[in-house]
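Right, one structure below, let's go through it.
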Amino acid sequence: MKSHSPTIERRFSRKALNIMTISVAIAIFLLSRTYTDSVSTTTSSTDKSPQENTSANLRPHLLDIKTQALNTAQPPITLPIQTWRHDTGAQLLFVESSEIPMLNIELIFDAGSARDTDLPGLARMTNNLIGEGSTQHSVEEIAQTFESLGSEFNTASERDMGVLSLKTLASDANLQASLNLFIEVLSQPSFPEAALTRVKSSAVGYWQQRLAQFHRTHYTAANATIAIVGAINWNRAKEIAEKIIAALPAGSPLPPLPSITEPASTEHIHIEFPSQQTHIRIATLSTNRHDKRLIPLIVANEVLGGGGFTSQLNKVIRQDKGLAYSVYSYAGAMQSEGVFVIDLQTQNDSAAQALKLAEKTLATFIEKGPSAQDLEKATKHLVASFPLGLSTNNGILRQLANMGFYHLPKNYLELYTKQILDTTPQTAQRVFSDIIHPGKHLIITLGPTPPEST
């Protein structure tokens, strides 16, 4: 039993990581100071039947994906996705894959840190403590049972979603036992004081009450997306989904996340820390998952800083100046506005120079955008690498989960590659400059001395 977490290089101390976590919380707070009121206008509908039967073997289909992606004359990527919506509002997305006798289940709830309200960290703590004990079993019993069944249980807490996942053998005995425990852990968490004490040394009773309240409100059927991929048929997938839904409180649809606004001007927050490197983060708002400009923004960012060694930020800061081992940019999107981030670490005596170069490179890119040659390389890389994420059950599961959670169309995979290939240098520059504005960023630095910004 484990939680998803990014890999952390050894040079970061635990204290440094804690401070960087606080800095990110500050960033989120400042970026979201100007919330606007919103009301829920959610409606529900019921799809009583699957779209079509699917092939039991996806392997030939997946092997052909990369060829399709590299050849723009071929049809775009598609997957045999079946969908269903329960009367409560819970939805199921399923792909049958019998190549390996395994089953992957992922539950996604609108229970991310954007729902923290007046208690920063509430969503993450609630998610982390699911699996630490249920009303019937201790954390040790839960872990030992999953291990004895050869199953894996994971949790993850993100900015706009809480995730629970199960990986198990598809045989009836293993699947039934693993599923029963998974449902128990999901629907009957006990939030034991011992586990709470490990993460919160004071105010245990208050936190326990707020955790339970958050779980009752957000981990509900009305708020659930269920993605299943594996060696079962459609009817069995629906049975599993119905069993999960039956164990959850019905709940009510949550109101939309409020819109937020970008900083009015560049703000610089420095956190004093006695380290050998200065950590630099430049952040501002991105866009939401339903913005038609999102794909061109992703393509543009691939040229700026998402494309690894060939990106402009990497060329300027690492290759030309040797100021950082790693520098990247990321254009995230969520239900509401996501965050655009530039991240790097550099020696303390070069922090000011590295920060100025990062800001200058960003400003130039906003003004001029990518060249035709750089854009062609970026689109080829994005399209060619995209099928790799669909070559495993886990990869397909992640796509299904995102499609369901963000209410994306069933042909999203097809549209995704098409929009990448349709992006021109002019479109990329226009979209990037429309969304990412110069002089309206939050800069967070962590190190012994605050570097100067431009």
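Other residues, nucleotides and ligands contribute more than 12 heavy atoms inside 6.0 Å of the CD atom of Glu239.
A salt bridge links Glu376 and Lys380; the closest N-O separation between the charged side-chain nitrogens and carboxylate oxygens is under 4.0 Å. Residues Lys377 and Glu302 are not paired through a salt bridge, judged by the lack of any N-O separation under 4.0 Å between the basic side chain and the carboxylate.
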CA sep, side-chain torsions, deciding dist, call: Ser165, Glu106, side chain to side chain donor-acceptor pair (under 3.5 Å): CA-CA 4 Å; Ser165 62; Glu106 187 159 292; 4.6 Å; no

Pair His437-Glu262, side chain to side chain donor-acceptor pair (under 3.5 Å): steps then yes or no: CA-CA 9 Å; His437 302 137; Glu262 65 190 355; 2.8 Å; yes

Side chain to side chain donor-acceptor pair (under 3.5 Å) evaluation trace for Ser329 with Asn301: CA-CA 7 Å; Ser329 63; Asn301 180 70; 2.6 Å; yes

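A donor and an acceptor atom, one from each side chain of Thr220 and Asn223, are nowhere located under 3.5 Å apart. Under 3.5 Å, the side chains of Asn288 and Ser336 contain no donor-acceptor pair of N or O atoms. Side-chain contact check for Asp110 and Tyr219: no donor-acceptor pair (N or O, by modelled atom type) lies under 3.5 Å. At a cut-off of 3.5 Å, with distance as the only test, no side-chain donor of Lys167 or Asn393 sits close to an acceptor on the other residue. Thr424 and Thr427 form a side-chain donor-acceptor contact under 3.5 Å, judged by distance and modelled atom types alone. With hydrogens and angles left out, the side-chain atoms of Asp160 and Tyr406 include a donor and acceptor closer than 3.5 Å.
Screening His137, Gln136, His215 for a side-chain hydrogen bond (donor to acceptor under 3.5 Å, both in side chains) with Gln188, the sole residue that qualifies is Gln136.
In this structure, CD1 on Ile420 lies 7.0 Å from CD1 on Ile298, to the nearest 0.5 angstrom. Atom-to-atom distance recorded for Ser138:OG and Glu132:CD is 10.5 Å, nearest 0.5 angstrom. Atom CG of Leu92 sits about 8.0 Å away from atom OG1 of Thr83, to the nearest 0.5 Å. The distance from the CG atom of Leu93 to the CG atom of Leu408 is 10.0 Å, given to the nearest 0.5 Å. The structure places CD1 of Ile435 at 4.5 Å from CG of Leu297, a figure rounded to the nearest 0.5 Å.
Scanning both residues, Arg289 and Tyr412, for their nearest heavy atoms gives NH2-OH, 3.5 Å.
Judged by distance alone, the side chain of Thr155 and the main-chain N or O of Leu164 form no donor-acceptor pair under 3.5 Å.
Taking the six-membered ring where the residue is Trp, the centroids of Tyr330 and Phe340 are separated by 6.0 Å or more.
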